[in-house]
Amino acid sequence: MSQIDLVIRGAKIVSPDRIIEASVAIDGENIVAVGHDDLMPSARAELHADGLYLLPGAIDSHVHFRDPGYAHKETWQTGSAAAACGGVTTVFDMPNTKPATGTLDALQMKLRAAESSYVDFGIHGLLGDDTIDRIEALIDGGVTSFKAFVGNTFGNLPAPTDGALLEGFEKLAPLGIRTVVHAENSSILFRRQQRMQDAGRIDALAHLAARPAVAEIEAITRVLTLAEWTGARVHIAHHSSADSLFVLRDFKRRGVDVTAETCPQYVLLNTDHMRKLGGIMRLNPPIRDARNNDPLWEALLDGTIDMIATDHAPHTPEEKTSANIWECDCGFPGVETQMALMLTEVNRERATLMDYVRWSAVNPAKAWGIYGPKGVIAPGAHADIVIVDMNRAGVLSQNQLQSISKISPWHGRAVKGYPLHTLVRGRFVMRDGKLVKEAAGWGKSVKRVQMMPTPRARNTEHYISAILETPEGVRPTAEPVDVGSVFGNTL
């Protein structure tokens, strides 16, 4: 038998259900065996990982690599290098670049920029009023999913009207494609911000005052009502508020196919930190007061929130440090620091490594239709692996980030638990804590392996496409409509 490429020996392999001591054999891009060390085939190279843990590479479904259009903030090469050094093997990039990823030409520009990526990637296309007619073409062109900016954020893309959102869901529901939603009510945000500015409020906490939790509650309710009606798959981005968790729980209980993410900043930071750091911590949705931290963590533990993401949103230090909060760009880098932060919480016994694998790899892979090839350490899967040392301690430094954005609220934070090696489809992109620069361009689109579950479209006779195809429209029923039965629940 010919030799394979690599055997990793002596590690503890983590799945959502258990931790086992085993070796892993890798040939080409795939895992070919997992088992007792004596059963491993002969290999050209070995890595001894005694005392270390093997995790499926993290999948960050919410990054902004800013390219094309804002290369002074980040590029695909620098952003993906940060991902590689953070134990992240797959990222999903957001569409608020310049131009926004809402046309085939813009999509091709982004795919060309992504050719320098160290890690595998998905592309969220833009769902807006003027992109509805391009949904199928964008999917054929390579987008894996869509993003609707119901709340305003960097790039100031107009929020889709409710009519466009409904129609977009009607198109996507039969296809099974999931839509990410930035769920804040834009009308509330714009009016509140203007009121703050008119009153002369330029302090950091004015940003929080302009984006109250009710804006998140209302938007999640509205979006999930449309998703329930159509059967569309929806993903709530950067869930920030304890007050809106009841909405998410209720719609999940009712069978809506909704997933949700939160970010380290929402479970570990609060307004006490914002008072000290000011504009560095400006992001959307905002950092909230401390009473939100623990309920969001509990929601991760009980499955209300499915996954951890970062909303990696880099800007230059000059764009983050104005004394006027409204002049500070929203967001900060996070893809490189997420794993160390979360492993630290595991070491504090707030969760297990099995929980972390579920949040960082398994659930994201399932949500985006790439579970099997990714999100698991098993024969046949891509060799997307991160090897971590749970005993290694250190201090995070913004000066050491791979990102162009050398400014972070995590600067100076002590952590325990670090990724040491990262492999993407069998190739080291980080080794011994250092970026493997020769691996630039190794990343590929996950579109080629994506396979979403069977869609469950609902109320299709009421879709605009069905109505337009029927000259007489939808005829009124003789009996009053029981709205509760239409939605499949009792109101």
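Any value given below was found using the heavy atoms of this structure, including those in side chains, with hydrogens, waters and symmetry copies removed.
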inquiry  = Could you report the tightest heavy-atom contact between S397 and H411, atom names first, then the distance?
reply    = CA-ND1, 3.6 Å
ask   = What residues, two or more places apart in sequence or in another chain, satisfy side chain to side chain donor-acceptor pair (under 3.5 Å) together with E345?
value = R348, R350
ask   = Do the non-hydrogen side-chain atoms of L341 and L396 ever get within less than 4.5 Å of each other?
value = yes
inquiry  = Enumerate the ring-ring contact (aromatic ring centres under 6.0 Å, His included) contacts for residues 100-129, please, sequence neighbours excluded, ordered by first and then second residue.
reply    = W76-F121, F92-H124, H124-W368
query = For T161, which residues count as a side chain to side chain donor-acceptor pair (under 3.5 Å) partner, sequence neighbours excluded?
reply = D129
ask   = Taking only residues at least two apart or on different chains, which pairs with a member in residues 86-105 satisfy salt bridge (Lys or Arg N to Asp or Glu O under 4.0 Å)?
value = D93-K110
ask   = With no hydrogens and no angle check, is any side-chain donor or acceptor of H421 less than 3.5 Å from a backbone partner on I387?
value = no
Using residues 304-313 as the side-chain source, report each donor-acceptor pair under 3.5 Å to any protein atom, sequence neighbours left out, with the distance given to one decimal.
unit_1 : atom_1 : unit_2 : atom_2 : d
T304   : OG1    : R249   : NE     : 3.0
T304   : OG1    : D302   : OD1    : 2.7
D306   : OD1    : K252   : NZ     : 2.8
D306   : OD1    : A260   : N      : 2.8
D306   : OD2    : K252   : NZ     : 3.1
T310   : OG1    : D60    : OD2    : 2.5
T310   : OG1    : H312   : N      : 3.1
D311   : OD1    : H62    : NE2    : 3.0
D311   : OD1    : H64    : NE2    : 3.1
H312   : ND1    : G334   : N      : 3.0
H312   : ND1    : V335   : N      : 3.2
H312   : NE2    : E74    : OE2    : 2.8

ask   = Would a 4.5 Å heavy-atom cut-off, applied to side chains only, mark I407 and F332 as touching?
value = no
inquiry  = Whether the side chain of R66 engages the backbone of K73 through a donor-acceptor N/O pair (distance < 3.5 Å, no angle test) should be reported.
reply    = no
message = Any heavy-atom pair between the side chains of Y371 and V362 that's under 4.5 Å?
response = yes
inquiry  = Are I385 and I31 packed together at the side-chain level, in the sense that at least one heavy-atom pair is separated by less than 4.5 angstrom?
reply    = yes
query = Any side-chain donor paired with an acceptor under 3.5 Å for H238 and N284?
reply = no
query = Between E170 (side chain) and I464 (backbone), is there a donor-acceptor pair under 3.5 Å?
reply = yes
ask   = What heavy-atom pair brings N292 and R288 nearest, and what distance separates the two atoms?
value = ND2-CB, 3.4 Å
ask   = Which residue, R448, R425, K444, forms the side chain to side chain donor-acceptor pair (under 3.5 Å) with D120?
value = R425
message = Tell me whether E336 contacts the main-chain N or O of Q402 through its side chain, where contact means a donor paired with an acceptor under 3.5 Å.
response = yes
request  = Determine, step by step, whether T144 and Q450 satisfy the side-chain hydrogen bond (donor to acceptor under 3.5 Å, both in side chains) criterion, reporting the C-alpha distance in whole Å, the side-chain angles of both residues, the deciding distance to 0.1 Å, and the verdict.
outcome  = CA-CA 8 Å; T144 52; Q450 186 184 35; 4.8 Å; no
key: Exceeds 12 heavy-atom contacts within 6.0 angstrom, atom CZ of R201   = yes
query = Counting distance only, does the side-chain N/O of Y70 pair as donor-acceptor with the main-chain N or O of P314 below 3.5 Å?
reply = no
query = Just by modelled atom types, is the D130 backbone N or O under 3.5 Å from a matching donor or acceptor in the R134 side chain?
reply = yes
inquiry  = Here's a test for you: under side chain to side chain contact (heavy atoms under 4.5 Å, CB included), which of L165, V247, T179 qualifies with V223?
reply    = L165
message = Please determine whether the number of non-hydrogen atoms from other residues, nucleotides or ligands lying under 6.0 Å from atom CZ of R192 exceeds 12.
response = no
query = Do the side chains of D133 and K171 get nearer than 4.5 Å, heavy atoms only?
reply = yes
ask   = Below 4.0 angstrom, N of the basic side chain to O of the carboxylate: do K276 and D272 qualify?
value = no
inquiry  = Do L245 and H239 have side chains that approach each other closer than 4.5 Å (heavy atoms only, starting at C-beta)?
reply    = yes
ask   = Donor-acceptor pair, T75 side chain versus A71 backbone, under 3.5 Å?
value = no
key: A113 backbone acceptor or donor facing S116 side chain under 3.5 Å   = yes
key: Lys/Arg-Asp/Glu bridge criterion (N-O < 4.0 Å) met for D203, R275   = no
inquiry  = Restricting to ring pair (Phe, Tyr, Trp, His ring centres under 6.0 Å), what partner residues turn up for W297, sequence neighbours left out?
reply    = W359
key: Sub-4.5 Å side-chain heavy-atom contact between I139 and L172   = yes
